[in-house]
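Notes follow the structure.
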Amino acid sequence: MSESSPRISKETSIYGDKFKIASWNVNSLKVRLPHVEQWLKKAEPDILVLQETKTIDENFPAEEIQNMGYQVVFSGQKTYNGVAILCKDEYLIEDVVMDLPDLDDPQRRILAATINGIRILDLYVVNGSEVGSEKFEYKLHWLEKVTNWIEEQSKQYKKFVILGDFNIAPKDRDVHNPKSWHEKILCSTPERNALQKILDLGFADSFRLFEQEDETYSWWDYRSGGFDKNMGLRIDLVLSSKLLAEQCTASYVDPEPRGWERPSDHAPVVSEYRNLK
DNA sequence: ATGGTTGCGTAGCAA
């Protein structure tokens with residue numbers, strides 16, 4: 001192609017190149033690093049946020065990720081949790097936050113950064129174990145503190161994406177068997193109300209901005225062949241602020257990596273935007 | 001059915 005000829009492809013439109021943001025709970029980055037590399041090559045997201053990296057910062061595979069053409073910031077701990085934000089080399093990463101002023105928590109579940117003028121908040125929401133348990137109360141308390149911080153950040157950042165493993169299925173249509181999950185963990189009313197409080201701050205569940213196939217999920221239990229039977233839940237979400245929801249052109253789950261050898265139990269979720277580059 | 005599977009770390013917890 002000569003230098004003067006315009007680049008014409010489905011990637012280019014009158015709105016300019018799409019800007020692609022994705023989230024993936026990898027359930028151990030050490031084990032899943034080959035999948036992350038394979039998926040980055042396939043999807044070419046501008047930003048990919050990870051949850052459950054399950055590694056201390058000292059052992060984080062930063063060089064390997066840089067060799068994939070991505071910058072990375074991360075917040076990890078031993079054995080559990082751990083979050084990371086990857087973005088293409090061309091962007092600046094600014095204003096990184098991993099601790100909320102009002103939440104003293106050793107668990108590494110929160111990572112915020114501003115990239116390409118967009119505030120990105122990567123969340124690994126507490127699972128909660130069982131409704132009514134101590135961990136459940138911690139989940140609700142954690143969500144309350146995070147929601148308060150989001151409200152404050154929203155005043156400052158109009159281009160704002162909150163994404164990650166929310167460990168909450170927003171509605172019964174996001175659940176393979178709503179009857180068996182009725183008021184169970186990930187589906188209970190207090191959890192759904194807590195999610196709604198975030199949405200009420202002016203965010204949209206990007207996936208629901210578009211027509212979607214029924215029974216689309218993002219997580220399938222390793223046990224009992226959950227993926228093959230499509231017994232899943234949609235608990236991995238991309239929430240777009242009003243301004244970004246207007247620019248959102250697509251949002252979907254990519255179930256392919258869930259079918260790869262030795263997969264994470266989660267699939268990547270993606271949202272695409274116009275006019276952001 | 002308090003089952004089943006995976007990861008970390010090497011027993012039992014967390015998901």
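FYI, side chains are in, hydrogens and waters are out, and symmetry mates aren't considered; it's all heavy atoms of this structure.
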Steps toward side-chain hydrogen bond (donor to acceptor under 3.5 Å, both in side chains) verdict (A:Tyr91, A:Asp46): CA-CA 9 Å; A:Tyr91 305 113; A:Asp46 293 281; 2.7 Å; yes
Interatomic distance where CG belongs to A:Asn81 and C1' belongs to B:dC8 [whole Å]: 13 Å
Separation of B:dC13 P from A:Lys135 NZ (nearest whole Å): 9 Å
DNA chain B contacts among residues 221-232 of chain A, heavy-atom distance under 4.0 Å: A:Tyr222, A:Arg223
Spacing between A:Asn59 atom CG and B:dG9 atom C1', to the nearest angstrom: 13 Å
Presence of A:Thr79 side-chain N/O under 4.0 Å of B:dC13 phosphate oxygens OP1/OP2: no
Step-by-step side-chain hydrogen bond (donor to acceptor under 3.5 Å, both in side chains) determination, A:Thr114 to A:Arg119: CA-CA 4 Å; A:Thr114 302; A:Arg119 193 62 171 157; 2.9 Å; yes
Centroid-centroid under 6.0 Å between A:Phe160 and A:Phe203 rings: yes
OP1 or OP2 of B:dG9 under 4.0 Å from side-chain N/O of A:Lys78: yes
For atom CD of A:Glu52 and atom C1' of B:dC13, their distance in whole Å: 13 Å
For atom CD of A:Glu261 and atom P of B:dT6, their distance in whole Å: 12 Å
d(OH, A:Tyr138; C1', B:dA15) in whole Å: 14 Å
Sugar-phosphate only, base, or nothing, as touched by A:Arg109 at under 4.0 Å among non-hydrogen atoms: sugar-phosphate
Nearest-Å distance once atom C1' is located in both B:dT6 and B:dA11: 16 Å
Side-chain N or O of A:Lys30 closer than 4.0 Å to phosphate OP1/OP2 of B:dC8: no
Interatomic distance at C1', B:dA14 relative to B:dT2, whole Å: 16 Å
Rounded interatomic separation in angstrom, taking CD from A:Gln107 and C1' from B:dC13: 13 Å
B:dG4 and B:dG9, which share atom name P, separated by this distance in whole Å: 24 Å
Transitive ILVMFWY side-chain link A:Ile21 to A:Leu244, under 4.5 Å: yes
Donor-acceptor pair, side chain of A:Gln212 and main chain of A:Phe207, under 3.5 angstrom: yes
Point-to-point distance, once rounded to the nearest 0.5 Å, from CG of A:Asp102 to CD of A:Glu152: 9.5 Å
Gap in Å between the two P atoms, one belonging to B:dT10 and one to B:dA1, rounded: 36 Å
Chi angles and distances behind the side-chain hydrogen bond (donor to acceptor under 3.5 Å, both in side chains) call for A:Tyr222, A:Asn27: CA-CA 12 Å; A:Tyr222 284 126; A:Asn27 185 17; 3.0 Å; yes
Residues in contact with DNA chain B, drawn from residues 124-134 of chain A - heavy-atom cutoff 4.0 Å: A:Tyr124, A:Asn127
Aromatic centroids of A:Phe74 and A:Phe60 separated by under 6.0 Å: yes
From CA spacing to verdict: salt bridge (charged side-chain N to carboxylate O under 4.0 Å, His left out), A:Lys139, A:Glu191: CA-CA 8 Å; A:Lys139 180 178 196 172; A:Glu191 292 165 87; 2.6 Å; yes
Any A:Arg32 side-chain N or O less than 4.0 Å from OP1/OP2 of B:dT6: no
5' priority, DNA chain B, between A:Trp219 and A:Ser28 [closest heavy atom]: A:Ser28
Mutual orientation of the aromatic rings belonging to A:His266 and A:Trp219 [parallel < 30°, tilted 30-60°, perpendicular > 60°]: tilted
Value in whole Å for how far the C1' atom of B:dC13 lies from NZ of A:Lys54: 10 Å
Candidate nucleotides B:dG7, B:dA15, B:dC8, ranked by approach to the side chain of A:Tyr80 - the nearest: B:dG7
